[in-house]
**Student:** 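Provided herewith is a single structure, encoded as structure tokens, for subsequent inquiry.
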Amino acid sequence: MNAPASMPRAVFTEGSPMRHVLVMTGAGSIGLVAAFMVDFLSLLYVSRLNNPHMTAAVGFSSQVLFFPISIEIGFSIGIGAVVSRTIGAGNRALARQLAASGLVLVAFLLVILVMAVLPFVEGILTFAGARDETLEIGTRYLAITLPSMIFLGLAMALASLLRAVGDPRRSMYVTLGGGIVTAMLDPLFIFVFGLGVEGAAIVVLISRFACMVVGLHGAVLRHNLVGQPKLRAIGGDVRPIFYVAVPAILTNLAAPVANLYSLRIAATFGETIVAAFALIDRLTPLAFGVLYALSGSVGPIMAQNLGACLPHRVRRTLTDCLIVAAVYTLVIWAVLWISAPWLAALFAVSGETRHLLIYFCTYGGMLWLFLGGIFVANAAFNNLGFPFLSTFFNWGRATLGTMPFVALGAHRFGATGIIMGMTVGAALFGLGAMATAYLVTGRLAKAPRDA
């Protein structure tokens with residue numbers, strides 16, 4: 001075993017915060033965007049089967065899967081935050097103990113969640129608006145992919161541990177490995193074996209298992225970051241992990257609630273509009289995946305500096321993150337605007353589906369300009385000891401910032417009004433979240449002087 005003999009240095013407490021932000025985000029983006037790319041290609045393959053029911057079924061299923069994925073993201077944030085702060089404070093033994101306890105908790109709770117949800121898959125899809133053949137296909141797809149959530153949850157937690165120890169490269173390998181497996185197997189299972197949507201679902205299961213294996217290799221074998229799980233230690237570690245994880249889970253559940261509500265509104269316009277939203281749901285993570293990587297990567301930077309009592313570096317990191325998020329979003333918005341007709345031709349869509357896809361490419365960048373601010377603010381709140389603030393702003397956006405605006409927009413402007421309503425709500429709560437994040441970091445900066 002190539003394990004370090006001493007506690008890894010708190011690398012983020014030295015050097016330029018902007019450099020750390022760019023390096024961590026760049027490494028995280030490669031693996032994450034690769035995973036989003038293969039999801040994009042998978043849906044592209046399914047759309048090439050020329051069955052809109054299949055495309056719509058994948059769209060409905062993706063919205064349902066956002067719920068367990070949101071829970072997994074919350075756990076990974078909780079584990080990463082407590083381990084990062086412990087590394088910043090220089091306590092190796094506690095960091096390994098927390099890592100082991102966190103992984104056991106993730107595995108146990110996800111097994112319970114999957115077993116509880118599986119019997120109700122068809123009812124959940126019906127509630128989301130799926131009907132007839134779309135409902136049947138979506139039910140089969142979820143029956144195969146839902147158990148893979150256990151592997152994905154562990155993979156996310158392991159990637160978070162690797163970021164916490166300052167190894168963005170191996171954290172990148174976790175998602176990149178699964179992406180490579182998917183890219184290789186998707187055409188084989190969907191077309192060569194003739195399994196269609198079921199083939200895509202089987203590949204999802206295989207790829208997520210591969211992600212977990214890669215994560216275990218990096219965190220356990222290379223960094224020796226995971227200690228021996230102990231029942232008594234797990235009981236004591238539940239509180240610090242859940243203090244961050246529970247609000248983070250509640251925070252991340254807000255987005256799928258908002259998306260599911262928007263999808264139900266979209267379903268009233270017919271399956272061509274649902275198919276358009278399915279394409280948008282796969283396109284946006286690919287286009288704006290760097291923002292996800294940014295919010296996931298900078299948490300350890302903030303947490304290590306907080307643990308080392310360097311609040312001025314925390315505030316500088318926040319500013320650098322917002323600058324990166326804004327510049328990146330503006331560039332991608334321009335690219336989408338220019339390439340909108342080409343994307344519509346790539347997916348071979350027409351009519352209302354084409355119109356909505358082009359509308360999003362033209363104006364949807366404004367939505368993500370504010371969502372990027374919310375993502376960065378969330379990273380600050382979750383890693384600086386204020387996780388319930390991220391819960392407040394995300395649920396505010398998902399409810400008061402989504403439901404009335406989406407309903408009104410759909411009523412006045414049709415399907416495009418759904419995107420308009422989402423943008424207005426994101427603007428209101430995104431600006432509020434960013435302002436509050438600066439208040440929080442300002443409070444941390446004053447605390448040592450007050451003491």
Side-chain angles (χ1 to χ4, degrees), residues 31-32 35-36 38-39 42 58 61-80 83 98-122 124-125 138-163 171 173-182 185-186 189 198-221 225-226 229 231 234 237-238 241-242 244-246 248-250 252-253 256 292 296:
L32 198 58
F36 289 144
V38 295
D39 283 344
S42 179
V58 174
S61 301
S62 298
Q63 295 299 330
V64 173
L65 289 173
F66 276 154
F67 285 90
I69 288 175
S70 298
I71 293 173
E72 292 166 354
I73 292 173
F75 276 123
S76 68
I77 289 172
I79 294 170
V83 172
L98 288 166
S101 299
L103 292 175
V104 171
L105 288 170
V106 167
F108 176 73
L109 293 173
L110 286 178
V111 168
I112 294 176
L113 176 65
V114 169
M115 293 177 62
V117 172
L118 269 175
F120 304 102
V121 162
E122 184 174 350
I124 294 171
L125 285 172
T139 300
R140 295 200 304 268
Y141 182 86
L142 279 179
I144 299 171
T145 56
L146 194 58
S148 72
M149 292 292 103
I150 300 170
F151 304 138
L152 181 62
L154 288 169
M156 285 183 176
L158 290 161
S160 184
L161 290 175
L162 289 167
R163 290 192 296 270
S171 177
Y173 290 162
V174 175
T175 48
L176 187 60
I180 293 172
V181 170
T182 304
L185 297 184
D186 249 346
F189 277 74
E198 287 86 351
I202 293 171
V203 173
V204 168
L205 184 66
I206 296 172
S207 68
R208 287 173 176 173
F209 179 79
C211 290
M212 182 187 69
V213 172
V214 174
L216 285 170
H217 178 269
V220 177
L221 297 183
L225 190 58
V226 182
L231 188 60
I234 293 172
D237 293 338
V238 167
I241 293 174
F242 273 39
V244 179
V246 170
I249 290 170
L250 294 175
N252 285 283
L253 284 175
Y292 291 100

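Since we're looking at a predicted model, the values are computed, not measured.
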**Student:** For I79, run the side chain to side chain contact (heavy atoms under 4.5 Å, CB included) check against L161, V244, L105 and tell me which one passes.
**Tutor:** L161

**Student:** Could you pull out the closest heavy-atom pair between D237 and S101, with the gap in Å?
**Tutor:** OD2-OG, 2.7 Å

**Student:** Listed by chain and number, what are the side chain to side chain contact (heavy atoms under 4.5 Å, CB included) partners of I124, not counting sequence neighbours?
**Tutor:** V64, V117, F120

**Student:** Looking at every non-hydrogen atom in both residues, tell me the closest pair between S171 and A159 and how far apart they are.
**Tutor:**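 Nearest pair, atom of S171 first, then A159: OG-O, 3.2 Å.
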
**Student:** Side chains of L216 and L221: closer than 4.5 Å at any heavy-atom pair?
**Tutor:**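 Not touching, per the 4.5 Å side-chain cut-off.
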
**Student:** Determine the minimum heavy-atom distance between M149 and V114, stating which atoms define it.
**Tutor:** CB-CG2, 4.3 Å

**Student:** Specify the closest pair of heavy atoms between L142 and P147, including all atoms of both residues, with the distance to one decimal.
**Tutor:**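 Looking at all heavy atoms of both residues, the shortest contact is O-CD, 4.3 Å.
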
**Student:** Would you compute the distance between atom CD1 of I77 and atom CD1 of I249 and round it to the nearest 0.5 angstrom?
**Tutor:** 9.0 Å

**Student:** Taking everything shown except I112 itself, do over 12 heavy atoms lie less than 6.0 Å from its CD1?
**Tutor:** yes

**Student:** Answer yes or no: is there a side-chain heavy-atom contact under 4.5 Å between E72 and V106?
**Tutor:** no

**Student:** What distance separates L176 CG from C211 SG, expressed to the nearest 0.5 Å?
**Tutor:**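 Between atom CG of L176 and atom SG of C211 there are 9.0 Å.
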
**Student:** Once you round to the nearest 0.5 Å, how far does CD1 of I71 lie from CG of L250?
**Tutor:** 9.5 Å

**Student:** If the condition is side chain to side chain contact (heavy atoms under 4.5 Å, CB included), which residues does L185 pass it with, not counting sequence neighbours?
**Tutor:**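 Only V181, L188, F189, V203, I206 meet the side chain to side chain contact (heavy atoms under 4.5 Å, CB included) criterion with L185.
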
**Student:** Roughly how far, to the nearest 0.5 Å, is the OG1 atom of T139 from the CG atom of L125?
**Tutor:** 5.0 Å

**Student:** How long is the span from the CG atom in L162 to the NE2 atom in H217, to the nearest 0.5 Å?
**Tutor:** 11.0 Å

**Student:** Indicate the atoms forming the closest heavy-atom contact of V204 with S207, along with that distance.
**Tutor:** O-OG, 3.0 Å

**Student:** Would you mind listing every salt bridge (Lys or Arg N to Asp or Glu O under 4.0 Å) that reaches into residues 140-163, with sequence neighbours excluded?
**Tutor:** E136-R140, R140-E198

**Student:** List the residues meeting side chain to side chain donor-acceptor pair (under 3.5 Å) with T145, not counting sequence neighbours, and say none if there are none.
**Tutor:**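 Side chain to side chain donor-acceptor pair (under 3.5 Å) check on T145 returns nothing, list empty.
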
**Student:** Who passes ring-ring contact (aromatic ring centres under 6.0 Å, His included) against F151, sequence neighbours left out?
**Tutor:** F209

**Student:** Working to the nearest 0.5 Å, report the span between CE of M156 and OG of S76.
**Tutor:** 6.5 Å

**Student:** Closest approach of L158 and M212, non-hydrogen atoms and distance?
**Tutor:** CD1-O, 3.7 Å

**Student:** Between S160 and A157, is there a donor-acceptor pair closer than 3.5 Å when you use the side chain of the first and the backbone of the second?
**Tutor:** no

**Student:** Could you tell me whether the side chain of F75 reaches within less than 4.5 Å of the side chain of L109, counting heavy atoms only?
**Tutor:**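 Contact flag for L109/F75 side chains = yes.
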
**Student:** Go through the structure and list residues passing side chain to side chain contact (heavy atoms under 4.5 Å, CB included) with V104, not counting sequence neighbours.
**Tutor:**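 Expected list: P229, I234.
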
